[in-house]
Amino acid sequence: MRLLNKKVYSVIFYLETPVHPATFAPMRIVINTYGTIKNTSRDYINFVYESFKRIVKDHPEHEFIFIADKYFNQDAIVAENSIQVLSGSPGNNPITWKWWYDVKIPALLKKNKADLFVSCDGCCSLTTKVPQCLLINDLSFLSFPEFVKKSHLLFYKRYVPKFLQKAKSIVAVSEVIKNELVKNYGAAFEKVSRVNSAPAEIFKAISNTEKILTKEKLTEGKEYFLYAGPIRPDKNLINLLKAFSIFKKTQQSSMKLVLAGEIIKDYKSFSENLKTYKYRNDIVMLQEVAEIELVKIMGAAYALINPSFYDGFGVSALEAMQAEIPVLVSENTATKEIARDAALYLNPSIISDIATQMMTLYKDEELRSKLIEKGKLVSEKQSWDNTSKLLWQSIEKSLV
């Protein structure tokens, strides 16, 4: 089960035989899942779901209370040791965010007699006395403030340091995030834990027949580079289009470029730019893609390319490796700490470098094959069971 529908979000938990013995006395743990809904990253939504699904199963001695917004699916199946609470939405305004965390959340924690609060939103309450564990998957506002709405940027600058000080434990979803926390905020080393994600199990290699059918449907049978993720300024897709122009002009190739992701509300200018793009007939835009279709689109791609200026997570690269396609990714993203030599790296700020790496992969089939084999080994090392265990250890640190 995955959380993809932008209007209905549900969290499903199944209770099985416990794996780990109890470490603490039975507790009531409240988890704020609104952060996974507000966040547009499919990868992070899956991280939260897969991790907590296992934590609930492994710790039946505790009660887990999941809070969500107005789009919460009340028909969801839950485990015997978890319940779900419809809590409304904090909206998309810093003023309502402050009210939500400092008034609404403390009231919910008190009402539910919480022993611990886990926030997946990168924010926590500054007014409650309940111990808190804070999950952080994005600090892009530090490096690229120009891509953040001014009112939001001011909120982050003012309150993130206070959140980090208030939280008993902090979970960084990559070494990139962890290093930024320590460097920019002096967050105590022992307070921050790194918990890497794993690729979604649904992404796997597809048959040659499926590849042919997918390409015929999508690109009239032509090979294609794939970008899969939200379409917003920090993802650097304008530079990707310019690099693709160089690629097309130099290689005289029939290669296509597929962009699979939703254009965010404040970035409609991207669609306008595409209208005048020279190679617009070689661009395929897919804004709403069911996950089962994305599996096929990923599996049939010539390569996944991610030229983001910033990516603190890097899971889409792992999913591509698991689907047995090569990966081209920015050198300054979280992918590098996991993939190492199993990916081809590019400088996102240099258009010619993006183009050169695309051409390198296109012209060297031996390199492409080697990257696929190395990528398979990397993806096999990532485990959701290990991720959930590490996350639980970080949660326990909040109680010490």
Side-chain angles (χ1 to χ4, degrees), residues 4 41-43 46 199-231 235-237 239-241 243-245 247-248 251 253-262 279 281-308 311 314-330 333 335 339 342-346 348 354-355 357-376 378-379:
L4 286 177
S41 167
R42 175 186 58 83
D43 302 338
N46 193 56
E201 297 173 353
I202 193 172
F203 287 91
K204 297 178 181 178
I206 62 175
S207 68
N208 287 331
T209 299
E210 287 179 303
K211 290 180 181 180
I212 292 171
L213 291 174
T214 300
K215 283 185 280 191
E216 286 179 349
K217 178 182 178 180
L218 193 61
T219 58
E220 299 177 336
K222 305 294 192 302
E223 296 281 7
Y224 58 90
F225 289 107
L226 171 67
Y227 166 79
I231 297 175
K235 295 306 178 182
N236 196 31
L237 299 185
N239 277 0
L240 176 58
L241 291 177
F244 187 61
S245 293
F247 173 88
K248 294 288 289 186
Q251 298 301 137
S253 166
S254 62
M255 184 77 72
K256 304 280 188 178
L257 175 61
V258 175
L259 305 177
E262 187 173 354
Y279 296 99
N281 292 330
D282 292 309
I283 304 296
V284 178
M285 284 289 302
L286 302 172
Q287 290 200 56
E288 293 187 10
V289 185
E291 187 169 54
I292 190 64
E293 290 301 314
L294 184 58
V295 171
K296 297 176 184 177
I297 294 166
M298 182 87 78
Y302 186 81
L304 178 78
I305 182 164
N306 183 356
S308 298
D311 186 354
V315 177
S316 60
L318 284 175
E319 292 173 341
M321 292 175 182
Q322 188 169 266
E324 299 185 18
I325 68 169
V327 172
L328 289 83
V329 66
S330 295
T333 62
T335 300
L344 202 58
Y345 299 98
L346 54 88
I354 301 174
Q357 297 298 60
M358 294 172 77
M359 289 187 283
T360 296
L361 190 63
Y362 177 74
K363 293 185 291 185
D364 193 339
E365 282 296 327
E366 184 178 354
L367 171 63
R368 184 171 182 270
S369 297
K370 287 181 179 179
L371 290 175
I372 290 173
E373 290 304 312
K374 289 180 179 179
K376 285 168 58 179
V378 168
S379 66

J.: What pairs with Asn306 under side chain to side chain donor-acceptor pair (under 3.5 Å), at least two apart in sequence or on another chain?
T.: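 Partners of Asn306 under the side chain to side chain donor-acceptor pair (under 3.5 Å) test: Ser308, Asp311.
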J.: My understanding is that only residues two or more places apart in sequence, or in another chain, count here; which of them pass side chain to side chain contact (heavy atoms under 4.5 Å, CB included) with Ala303?
T.: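 Counting only residues at least two positions away or on another chain, Ala303 forms a side chain to side chain contact (heavy atoms under 4.5 Å, CB included) with Phe225, Pro326, Leu328, Leu361.
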J.: Is the closest side-chain heavy-atom distance between Lys204 and Val295 below 4.5 Å?
T.: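 The answer is no, as the side chains (C-beta and beyond) never meet within the 4.5 Å cut-off.
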J.: Looking at Leu367 and Asp364, what are the two nearest heavy atoms and their distance?
T.: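 Scanning both residues, the minimum pair turns out to be N-OD1, 2.9 Å.
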J.: For Gly261, is there any backbone N or O sitting under 3.5 Å from a side-chain donor or acceptor partner on Tyr227?
T.: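 Such a contact is absent between Tyr227 side chain and Gly261 backbone.
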J.: At what distance, to the nearest 0.5 angstrom, does CD of Glu216 lie from NZ of Lys222?
T.: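 One gets 10.5 Å once the value is rounded to the nearest 0.5 Å.
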J.: When you measure from the side chain of Lys248 to the backbone N and O of Met255, does any donor-acceptor pair fall under 3.5 Å?
T.: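 Yes, the answer is positive, given that a donor and an acceptor are paired below the 3.5 Å cut-off.
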J.: Only counting residues at least two apart or in another chain, list the ones meeting side chain to side chain donor-acceptor pair (under 3.5 Å) with Ser254.
T.: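 Residues passing side chain to side chain donor-acceptor pair (under 3.5 Å) with Ser254: none at all.
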J.: Side chains of Val327 and Leu371: closer than 4.5 Å at any heavy-atom pair?
T.: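 Counting from C-beta outward, Val327 and Leu371 never come under 4.5 Å.
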J.: Using side chain to side chain donor-acceptor pair (under 3.5 Å) as the criterion, list what pairs up with Glu223, not counting sequence neighbours.
T.: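 Testing Glu223 for side chain to side chain donor-acceptor pair (under 3.5 Å), a comparison that skips the adjacent residues, returns Lys215.
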J.: Roughly how far apart are Glu201 CD and Asn46 CG, rounded to 0.5 Å?
T.: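 Reported to 0.5 Å precision, the distance equals 8.5 Å.
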J.: Work out which heavy atom in Ile206 is nearest to a heavy atom in Glu210; give both atom names and the distance.
T.: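 Looking at all heavy atoms of both residues, the shortest contact is CB-OE1, 3.3 Å.
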J.: Closest heavy-atom contact between Ala260 and Val289?
T.: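 In this case the closest contact between Ala260 and Val289 is CB-CG2, 4.4 Å.
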J.: Do side-chain atoms of Glu293 reach the backbone of Ala290 as a donor and acceptor pair under 3.5 angstrom?
T.: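 No.
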J.: Of the non-hydrogen atoms in Thr335 and Ala317, which two are nearest, and what is the gap between them?
T.: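 Closest approach of Thr335 to Ala317, heavy atoms only: CG2-CB, 3.6 Å.
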J.: For a 4.5 angstrom cut-off between non-hydrogen side-chain atoms, does Met321 reach Phe203?
T.: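 No, side chains not in contact.
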J.: When you measure from the side chain of Ser330 to the backbone N and O of Pro307, does any donor-acceptor pair fall under 3.5 Å?
T.: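 The answer is yes, because a donor-acceptor pair under 3.5 Å joins these two groups.
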J.: In the structure I gave you, are the side-chain heavy atoms of Leu237 and Leu240 within less than 4.5 Å of one another anywhere?
T.: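 Yes, side chains in contact.
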J.: Sequence neighbours left out, what passes salt bridge (charged side-chain N to carboxylate O under 4.0 Å, His left out) with Lys235? Give chain and number order.
T.: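 In terms of salt bridge (charged side-chain N to carboxylate O under 4.0 Å, His left out), with neighbours along the sequence ignored, Lys235 is linked to no residue.
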J.: Do any N or O atoms from the side chain of Gln322 and from the backbone of Ser379 form a donor-acceptor pair under 3.5 angstrom?
T.: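 Side chain of Gln322 to backbone of Ser379, a donor-acceptor pair under 3.5 Å: no, none is there.
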J.: When rounded to the nearest 0.5 angstrom, what distance separates CE in Met358 from CD in Gln251?
T.: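 Output value for this atom pair is 10.0 Å.
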J.: With side chain to side chain donor-acceptor pair (under 3.5 Å) as the test, pick out the partner of Lys256 among Asp282, Asn281, Thr219.
T.: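 Passing option: Asp282.
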J.: Identify the heavy atoms of Ala343 and Val329 that sit nearest to each other, and give their distance.
T.: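 Looks like CB-CG1, 4.2 Å.
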J.: Considering residues at least two apart in sequence or located in another chain, which fulfil the side chain to side chain contact (heavy atoms under 4.5 Å, CB included) criterion with Ile283?
T.: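 Side chain to side chain contact (heavy atoms under 4.5 Å, CB included) check on Ile283 returns Leu241, Phe244, Leu257, Leu259, Leu274, Tyr277, Met285.
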J.: Is there side-chain contact between Leu218 and Tyr224, with heavy atoms separated by less than 4.5 Å?
T.: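 When only atoms from C-beta onward are counted, Tyr224 and Leu218 do touch, with a gap below 4.5 Å.
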J.: Does Glu324 reach the main-chain N or O of Lys376 with its side chain, forming a donor-acceptor pair under 3.5 Å?
T.: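 No; judged by distance alone, with no hydrogens or angles, the pair does not exist.
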J.: Could you tell me the separation between the CD1 atom of Ile297 and the CG atom of Leu304, rounded to the nearest 0.5 Å?
T.: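 Separation between the atoms: 12.0 Å.
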J.: If you round to the nearest 0.5 Å, how far is CE of Met298 from CD1 of Ile202?
T.: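 Atom-to-atom, Ile202:CD1 and Met298:CE are 11.0 Å apart.
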J.: Kindly give the heavy-atom pair with the smallest separation between Ala228 and Leu294, and that separation in Å.
T.: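 Heavy atoms only, the tightest pair is CB-CD1, 4.4 Å.
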